[in-house]
**Q** 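I have a structure I would like to understand better, so I am pasting it below and will then ask my questions one at a time.
FYI, side chains are in, hydrogens and waters are out, and symmetry mates aren't considered; it's all heavy atoms of this structure. Quick caveat: nothing in here was measured; it's all calculated off a predicted structure.
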Amino acid sequence: DRYSLSVKNLSSSMMTVPSWLIVQVPKALLYYMERRVYDELLSVNRSIAEDPDNEALLLRNIELKKLQTMLRRRIGRERKQ
C-alpha cells in the first residue's frame with residue numbers, strides 16, 4: 001500500500017509529456033545541428049588540406065567555426081572566454 005502511494009506521488013510530480021517535449025525537443029535539435037556543422041567542418045578541413053589556397057574554403061571554415069561555437073554555447077558545452 002505504501003509503495004503505491006509513493007509511485008502515485010512520483011507520477012503526479014513528474015512533468016507532463018507536452019511540457020517535457022517543449023524542454024527536450026529544442027535541445028535535441030541543437031545537438032543535431034551541432035553535429036551536422038561538425039561533420040561539414042571536417043569535410044571542409046579535408047578539402048583545405050588538399051587545396052590550402054582556396055579562399056572560399058577558408059572563409060567557409062571560419063563561418064562554420066563561428067556557428068559551431070554559437071551552438072555549443074547554447075547547448076552548454078562551451079563557455080564564453
**Q** In this structure, would Leu64 and Ile75 fall into the same cluster of hydrophobic residues linked by side-chain contacts under 4.5 Å?
**A**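 Looking at the clustering, Ile75 is in the same group as Leu64.
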
**Q** Can I get a per-line list of side-chain donor-acceptor pairs under 3.5 Å for residues 41-52, giving both atom names and the distance, sequence neighbours left out?
**A**
{"unit_1": "Asn45", "atom_1": "OD1", "unit_2": "Asn61", "atom_2": "ND2", "d": "3.3"}
{"unit_1": "Asn45", "atom_1": "ND2", "unit_2": "Leu41", "atom_2": "O", "d": "3.3"}
{"unit_1": "Ser47", "atom_1": "OG", "unit_2": "Ser43", "atom_2": "O", "d": "3.2"}

**Q** Any link between Leu71 and Ile62 through a network of hydrophobic side chains (Ile, Leu, Val, Met, Phe, Trp, Tyr) touching at under 4.5 Å?
**A**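 Different clusters: Leu71 never reaches Ile62 through Ile, Leu, Val, Met, Phe, Trp or Tyr contacts under 4.5 Å.
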
**Q** For residues 52-63, pull every pair meeting salt bridge (Lys or Arg N to Asp or Glu O under 4.0 Å), keeping only residues two or more places apart or in separate chains.
**A**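 For residues 52-63, and leaving out neighbouring residues, the salt bridge (Lys or Arg N to Asp or Glu O under 4.0 Å) pairs sorted by first residue read Glu40-Arg60, Arg60-Glu63.
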
**Q** Going by the salt bridge (Lys or Arg N to Asp or Glu O under 4.0 Å) test, which pairs reach into residues 21-30, not counting sequence neighbours?
**A**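 Qualifying pairs: none.
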
**Q** Tell me, please, which residues at least two apart from Tyr31 pass side-chain hydrogen bond (donor to acceptor under 3.5 Å, both in side chains).
**A**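 With sequence neighbours excluded, Tyr31 shows a side-chain hydrogen bond (donor to acceptor under 3.5 Å, both in side chains) to no residue whatsoever.
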
**Q** Mind checking side chain to side chain contact (heavy atoms under 4.5 Å, CB included) for Arg74 and listing every partner two or more places apart, or none if nothing turns up?
**A**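 Result, side chain to side chain contact (heavy atoms under 4.5 Å, CB included) vs Arg74: Leu30, Met70.
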
**Q** Identify whether Tyr38 and Tyr32 are in the same connected component of the hydrophobic contact network (ILVMFWY, side-chain heavy atoms under 4.5 Å).
**A**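 Different clusters.
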
**Q** The criterion is salt bridge (Lys or Arg N to Asp or Glu O under 4.0 Å); which residues satisfy it with Arg77, sequence neighbours excluded?
**A**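 Here the qualifying residues are Glu34.
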
